[in-house]
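Numbering of residues begins at 1 and proceeds along the displayed sequence.
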Amino acid sequence: MLVAQEGEEILGVAPLMIHKRPAVLRGLVKLNTLCFIGYGFTDHSDFIISRDRDRVMRAFFGCIFENSHLWDEVLLTQIPDSSPNFELVKSEIQKGGYEVTTDVLIKCPYIEIEGDFEAYYNRLGKNLKHDVAKKSRRLTEQGLEPDFEVATRIDEKILEELRGLNRKRAEATGHRSFFLRKDRYNFVSELARVFNENQSWLLFLFRAKGNLIAYRLCFAYNNVVYDWNTSYDLDYSQYSLGKILLRPVLAYCFEKRYGVFDFMAGDEDYKLKWTEKVRTHYRIGVRRKNLKTRVVRLYSGLKSRVLQK
């Protein structure tokens, strides 16, 4: 963890860690990889800088390259092209004298929240609106019209409900969820206590006859709503609950005058039915030249040729 400080004022934080990344045959060779602490878990990653970006970024990468004996590679993932640090990262990482790789990692749709929700909704495609109305009507006809709730605090009882819904889905389909991994569930449980204090959570719930049937777990920061995690009860899969739930969720965000609804990583088709705006996330990296990285490079080249055949 690097901190840029001037006097008593903190100008920036580089939330980094070094971990052993399995790079050949499930860990036969591991690279000491310098990366963001959210590597493999977070949808957005970045340096945190309040001012003097050029100077702070120069100091960060100066420290990184001065300590190159600690790592085999630098692998910075999930950096959005919309970040004010994006071009600075690309520029500073080239100064180490290593070969730089810059790859498109994933697309991230988002909605700019402006004006009235109904005006926004009316501009969406006819097929989407027809499907939402049809599935909502079917729920009502079955006597299952869900109750919509918004929670800004999360306790262990709610977390257990979310975990239970994901466990049921995983047992039926093999669907993966961080709620079913003990280390990540514990992290979210700890995070809940911090977010509860400043009411950063926005948990949107659908209940039918008192039972949880779908949710969207979001959090709000800097006037942006981040759509972090969602799931639903498979018994209701024919009703497209995720799609139906998005309508009141977005209506709430418009009503509360948030600036952006961020769908997070992944340009799945259902997201693009609600917006045409997309950001691109990148992976930027360098590798030192040593025996381990040569082996990894050779292995990657052989693997690529085999896959092409």
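- In this structure, Ile49 and Leu11 have side chains that are not in contact, with every pair of non-hydrogen atoms separated by 4.5 Å or more.
- Residue Leu241 holds its CG atom at 7.0 Å from CZ of Phe206, rounded to the nearest 0.5 Å.
- Cluster membership check: Tyr98 shares its hydrophobic cluster with Ile93, using side-chain heavy-atom separations under 4.5 Å among Ile, Leu, Val, Met, Phe, Trp and Tyr.
- His44 places a side-chain heavy atom less than 4.5 Å from the side chain of Asp262.
- Here the side chains of Lys90 and Tyr282 are not in contact, with every heavy-atom distance at 4.5 Å or above.
- Here the SG atom belonging to Cys218 is positioned 12.0 Å from the OH atom belonging to Tyr226, to the nearest 0.5 angstrom.
- Side-chain contact between Leu180 and Arg167 is present, with heavy atoms from C-beta onward closer than 4.5 Å.
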Take Arg207 and Glu161 through the test salt bridge (charged side-chain N to carboxylate O under 4.0 Å, His left out) and record every step on the way to the result. CA-CA 11 Å; Arg207 297 187 186 276; Glu161 278 193 284; 2.8 Å; yes
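- Ile79 and Leu2 fall within a single hydrophobic cluster, where Ile, Leu, Val, Met, Phe, Trp and Tyr are joined by side-chain heavy atoms under 4.5 Å apart, directly or via other members.
- Judged by distance alone, the side chain of Lys209 and the main-chain N or O of Leu144 form no donor-acceptor pair under 3.5 Å.
- The local environment of NZ in Lys30 is sparse, with at most 12 non-hydrogen atoms from other residues, nucleotides or ligands closer than 6.0 Å.
- Ile284 and Tyr39 sit in two unconnected hydrophobic clusters of ILVMFWY residues. Membership requires side-chain heavy atoms under 4.5 Å apart, directly or through other members.
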Take Trp228 and Phe178 through the ring pair (Phe, Tyr, Trp, His ring centres under 6.0 Å) test and state the conclusion after the steps. CA-CA 11 Å; Trp228 191 29; Phe178 63 74; 5.0 Å; yes
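- Asn290 CG: more than 12 foreign heavy atoms inside a 6.0 Å radius.
- Side-chain contact between Leu88 and Asp54: present, with at least one pair of heavy atoms (C-beta onward) separated by less than 4.5 Å.
- No path of Ile, Leu, Val, Met, Phe, Trp and Tyr side chains, each step under 4.5 Å between heavy atoms, connects Val286 with Val295, placing them in separate hydrophobic clusters.
- A donor-acceptor pair is defined here as one N or O able to donate and one able to accept, closer than 3.5 Å; no such pair exists between the side chain of Lys277 and the backbone of Pro109.
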For the pair Tyr185 and Arg163, evaluate side chain to side chain contact (heavy atoms under 4.5 Å, CB included) and give the outcome as yes or no after the intermediate values. CA-CA 9 Å; Tyr185 177 83; Arg163 180 153 66 173; 3.5 Å; yes
Please step through salt bridge (charged side-chain N to carboxylate O under 4.0 Å, His left out) for the pair Glu99 and Lys289, ending with a clear verdict. CA-CA 10 Å; Glu99 182 181 351; Lys289 292 182 180 180; over 6 Å; no
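- Atom CZ of Arg257 sits in a sparse spot, with 12 or fewer heavy atoms from other residues, nucleotides or ligands closer than 6.0 Å.
- Side-chain contact between Glu92 and Ile64 is absent, with no heavy-atom pair separated by less than 4.5 Å.
- With hydrogens and angles ignored, the 3.5 Å screen pairs a side-chain donor or acceptor of Arg153 with a backbone N or O of Asn196.
- Going from atom CG of Leu250 over to atom CD1 of Ile111 covers 4.5 Å, rounded to the nearest 0.5 Å.
- Between the side chain of Asp155 and the backbone N or O of Lys157 there is at least one donor-acceptor pair closer than 3.5 Å.
- Of the possible polar contacts, one joining the Asn85 side chain to the Phe47 backbone as a donor-acceptor pair under 3.5 Å is found.
- Side-chain N or O atoms of Asn32 include none that pairs as donor or acceptor with a backbone N or O of Asp72 at under 3.5 Å.
- Heavy atoms of other residues, nucleotides or ligands lying less than 6.0 angstrom from NZ of Lys135 number more than 12.
- Within a 6.0 Å radius of NZ in Lys95, other residues, nucleotides and ligands contribute more than 12 heavy atoms.
- Without hydrogens or angle criteria, Asp103 side chain to Leu105 main chain gives no donor-acceptor distance under 3.5 Å.
- Listed for the Arg288 side chain is a donor-acceptor partner under 3.5 Å among the backbone atoms of Ser68.
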I'd like to know whether Asp227 forms a side chain to side chain contact (heavy atoms under 4.5 Å, CB included) with Arg216, so could you lay out the CA-CA distance, the side-chain angles of the two residues, the decisive distance to 0.1 Å, and finally the verdict. CA-CA 7 Å; Asp227 188 33; Arg216 300 195 84 92; 2.7 Å; yes
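- Counting non-hydrogen atoms of other residues, nucleotides and ligands closer than 6.0 Å to CZ of Phe41 gives a total above 12.
- Aromatic rings of Tyr215 and Trp201 (six-membered ring for Trp) have centroids beyond the 6.0 Å cut-off, not under it.
- With respect to the salt-bridge test (charged N to carboxylate O, under 4.0 angstrom), the residues Glu190 and Arg193 qualify.
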What verdict does the side chain to side chain contact (heavy atoms under 4.5 Å, CB included) test give for Phe148 and Phe204, after you've listed the backbone C-alpha separation in whole Å, the side-chain angles of each residue and the deciding distance to 0.1 Å? CA-CA 7 Å; Phe148 176 66; Phe204 302 98; 3.5 Å; yes
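- A cation-pi contact links Arg247 to Tyr121, judged by a cut-off of 6.0 Å to the six-membered ring centre and 45° from its axis.
- Rounding to the nearest 0.5 angstrom, the gap separating the CD1 atom in Ile18 from the CH2 atom in Trp71 is 9.5 Å.
- Within 6.0 Å of atom CZ in Arg176, 12 or fewer heavy atoms from other residues, nucleotides or ligands are found, so the atom counts as exposed in its surroundings.
- Of all non-hydrogen atoms in Asp131 and Ser240, the two that sit nearest each other are OD2-OG, 4.3 Å.
- Geometrically, Arg184 does not engage Phe179 in a cation-pi contact defined by less than 6.0 Å to the ring centre and at most 45° from the axis.
- Of the possible polar contacts, none joining the Ser189 side chain to the Asn186 backbone as a donor-acceptor pair under 3.5 Å is found.
- Across every non-hydrogen atom of Pro15 and Met1, the tightest pair is CA-SD, 3.5 Å.
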Could you go step by step and tell me if Arg51 and Glu6 meet the salt bridge (charged side-chain N to carboxylate O under 4.0 Å, His left out) rule? CA-CA 11 Å; Arg51 65 177 178 86; Glu6 191 169 62; 3.3 Å; yes
Could you give me the CA-CA distance, side-chain angles and deciding distance for Ser231 and Arg169, then say whether side-chain hydrogen bond (donor to acceptor under 3.5 Å, both in side chains) is met? CA-CA 8 Å; Ser231 196; Arg169 186 176 174 187; 3.1 Å; yes
Quick one, Phe195 with Phe219, criterion ring pair (Phe, Tyr, Trp, His ring centres under 6.0 Å). Give me CA distance, side-chain angles, the key distance, then yes/no. CA-CA 8 Å; Phe195 277 22; Phe219 60 90; 5.7 Å; yes
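- Rounded to the nearest 0.5 angstrom, Gln78 CD and Cys108 SG are separated by 6.5 Å.
- The CG atom of Leu205 sits 5.5 Å away from atom CD of Glu149, with the distance rounded to the nearest 0.5 Å.
- Note on Leu291 and Leu25: same hydrophobic cluster, where clusters join Ile, Leu, Val, Met, Phe, Trp and Tyr whose side-chain heavy atoms are under 4.5 Å apart, directly or indirectly.
- Between Leu203 and Val150, the closest side-chain pair of non-hydrogen atoms is not below 4.5 Å.
- The neighbour count for Glu160 CD, taken as heavy atoms of other residues, nucleotides or ligands under 6.0 Å away, is above 12.
- Between Phe263 and Phe261, the distance from one ring center to the other falls under 6.0 angstrom.
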Between Arg279 and Asp81, does the salt bridge (charged side-chain N to carboxylate O under 4.0 Å, His left out) criterion hold? Intermediate values first, please. CA-CA 7 Å; Arg279 297 188 181 97; Asp81 58 358; 5.9 Å; no
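- A donor-acceptor pair under 3.5 Å is formed between the side chain of Lys271 and the backbone N or O of Gly266.
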